[in-house]
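Before any comments, here is the structure.
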Amino acid sequence: MKLLENKVAFVSGASRGIGKGIALELAKHGAHVAFTYRNSQTEAEAIEKELSALGVKAKAYQSNAADFTQTQTIVDDVIATFGGLDIVVNNAGITKDNLLMRMNEEAWDEVIDTNLKSVFNVVKAAQRQLLKQRSGSIINISSVVGKSGNPGQANYAASKAGMNGLTKSIAKELGSRGIRCNSVAPGFIETEMTHGLTEEQKKLWLENIPLKRAGSPQDVANLVVFLASDMSTYITGQVINVCGGMQT
Ligand code: NDP
């Protein structure tokens, strides 16, 4: 029997990068996977096929994670279509970097709404089902900068710090009902999000990583599978780094 056999997972933002890695890894361990994307329809369709080929049920949903009502509709459909919900991975995220002095209101709001309000949206939609089942694992993809802060990323760091506070509150509110909630905080992971960094910026990041390499989506997905599974039933309310030792 596979580790996540017959579990139902929802992953936001899985058309590429870390979310895609997580969706595939959950499926390899036997979970059925519903996932969202914003624009990458062709990629999402290909991933849906890739997931189905692993022998699990899979469904892609186009969405704006920041939209409360849309999220309710999607999560309701996931529960109806898949017959339950066991694993919730809040991964969808964006950056709109700038120094505070130059950051406009739109860049602030967009990042906070996509990265932080989106978690509220999903948890509000999923909560009733998880409570009914008296089980569930919620995993929020945060960032090391949520703990450290980062120049040029005030909006992003604030969204991830907020996510960590939300994680701990959910863990405290829902723990007695068998529902766990943890944050995973990646460091520097090779995806389209980090492709925009200059060579100089990448060099600086790598100098500060004891393991001397960037991480991969697989590195993050491995921890997500562990937190989704019964291997971690006594772990909740934690923020766990996957960062090659960059932050201790
Ligand atoms: P990518 O930019 O590679 O992928 C982002 C994913 O989120 C895509 O699937 C995208 O969909 C989706 N998405 C973006 N906005 C929305 C939205 N409004 N509604 C629904 N889906 C949306 O990012 P990564 O894979 O690098 O990052 C994934 C998560 O990991 C993020 O939360 C990020 O903050 C976090 N993280 C990443 C790090 C890194 O080094 N890469 C480090 C620390 C944390 P579409 O393709 O359709 O646009």
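Order of appearance sets the numbers: ligands from 1, and atoms from 1 within every ligand. Values below: every heavy atom of this structure, side chains too, minus hydrogens, waters and symmetry copies.
Considering backbone and side-chain N/O atoms, Ala66 never comes within less than 3.5 Å of an N/O atom of ligand 1. For ligand 1, the polar-atom distance check finds no N/O of Asn115 at less than 3.5 Å from any of the ligand's N/O atoms. For a threshold of 3.5 Å applied to N or O pairs, the pair formed by Thr36 and ligand 1 contains no separation below that value. For ligand 1, the polar-atom distance check finds no N/O of Ser143 at less than 3.5 Å from any of the ligand's N/O atoms.
Taking a cut-off of under 4.0 Å to the non-hydrogen atoms of Ala14, the atoms of ligand 1 that pass are 9 (O). Close approach to Thr194 involves these atoms of ligand 1, each under 4.0 Å from a residue heavy atom: 39 (C), 40 (O), 41 (N). The distance from ligand 1 to the heavy atoms of Ala92 drops below 4.0 Å at these ligand atoms: 7 (O), 21 (N), 22 (C), 32 (O). Within ligand 1, the atoms closer than 4.0 Å to a non-hydrogen atom of Ser63 are 19 (N), 20 (C), numbered from 1 in the order shown. Close approach to Ile94 involves these atoms of ligand 1, each under 4.0 Å from a residue heavy atom: 14 (C), 15 (N).
When hydrogens are left out, the protein atom nearest atom 43 (C) of ligand 1 is Pro186 O, 3.4 Å; that is the closest non-hydrogen contact. The protein non-hydrogen atom at the shortest distance from atom 24 (P) of ligand 1 is Thr191 OG1, 3.6 Å. The protein atom (non-hydrogen) at minimum distance from atom 5 (C) of ligand 1 is Gly93 O, 3.9 Å. From the protein, the heavy atom lying nearest to atom 47 (O) of ligand 1 is Asn39 N, 2.5 Å. Among protein heavy atoms, the minimum distance from atom 42 (C) of ligand 1 is reached at Gly187 O, 2.9 Å. Residue, atom and distance of the protein heavy atom nearest to atom 8 (C) of ligand 1 are Ser15 OG, 3.6 Å. Distance from atom 6 (C) of ligand 1 to its nearest protein heavy atom, with residue and atom name: Gly13 O, 3.6 Å. Among all non-hydrogen protein atoms, the one lying nearest atom 16 (C) of ligand 1 is Arg38 CB, 3.8 Å.
At a threshold of 4.5 Å between non-hydrogen side-chain atoms, the residues Phe188 and Ile209 count as touching.
By the 4.0 Å heavy-atom criterion, Ser142 is counted among the residues contacting ligand 1. Taking 4.0 Å as the cut-off, Pro217 does not count as a neighbour of ligand 1 on heavy-atom distance. Remark: distances from the non-hydrogen atoms of Ser12 to ligand 1 are all 4.0 Å or more. Not a single heavy atom of Glu43 sits less than 4.0 Å from an atom of ligand 1.
Closest to atom 39 (C) of ligand 1 by heavy atom, among Asn90, Ile189, Asp113, Asn140, is Ile189. With distances taken over non-hydrogen atoms, the option nearest atom 31 (C) of ligand 1 out of Ile141, Ile18, Asn91 is Asn91. Nearest to atom 36 (N) of ligand 1 by heavy-atom distance, out of Phe35, Tyr61, Tyr156, Tyr37, is Tyr156. One option in Gln70, Lys20, Arg16 has a heavy atom closer to atom 2 (O) of ligand 1 than any other, and that option is Arg16.
Looking at Gln41, its side chain never comes within 3.5 Å of a backbone N or O of Gln62 through a donor-acceptor pair. Of the possible donor and acceptor atoms, none in the side chain of Thr81 sits under 3.5 Å from a partner among the backbone N and O of Val78. Side chain of Ser135 to backbone of Gly178: no donor-acceptor contact under 3.5 angstrom is found. Although no hydrogens or angles enter the test, the distance criterion places no donor-acceptor pair under 3.5 Å between the side chain of Ser12 and the main chain of Thr36. With hydrogens and angles disregarded, no donor-acceptor distance shorter than 3.5 Å links the side chain of Arg16 to the backbone of Ser40. With hydrogens and angles disregarded, a donor-acceptor distance shorter than 3.5 Å links the side chain of Thr194 to the backbone of Ile189.
When heavy-atom distances to ligand 1 are checked against a 4.0 Å cut-off, Thr114 comes that close only through its side chain, counted from C-beta outward.
Lys49 and Glu45 are not joined by a salt bridge, as no carboxylate oxygen comes within less than 4.0 angstrom of a charged side-chain nitrogen. Remark: Lys59 does not engage Glu48 in a salt bridge, criterion side-chain N to carboxylate O under 4.0 Å. Ionic pairing of Lys117 and Asp67 is not present here: no N-O contact between side-chain nitrogen and carboxylate oxygen is shorter than 4.0 angstrom.
Side-chain polar atoms of Gln201 and Thr198 form a donor-acceptor pair below 3.5 angstrom. With no hydrogens or angles considered, a side-chain donor-acceptor pair links Asp97 and Gln153 at under 3.5 Å.
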Salt bridge (Lys or Arg N to Asp or Glu O under 4.0 Å) assessment of Lys96 paired with Asp109:
CA-CA 10 Å; Lys96 293 258 172 215; Asp109 285 346; over 6 Å; no
Dump the intermediate steps for salt bridge (Lys or Arg N to Asp or Glu O under 4.0 Å) on Lys203 and Glu207, then the final yes or no.
CA-CA 6 Å; Lys203 197 166 152 258; Glu207 272 168 14; 3.8 Å; yes
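In summary, of the residues considered (Ser169, Ser143, Ser183), a side-chain hydrogen bond (donor to acceptor under 3.5 Å, both in side chains) with Asn164 occurs for Ser183 alone.
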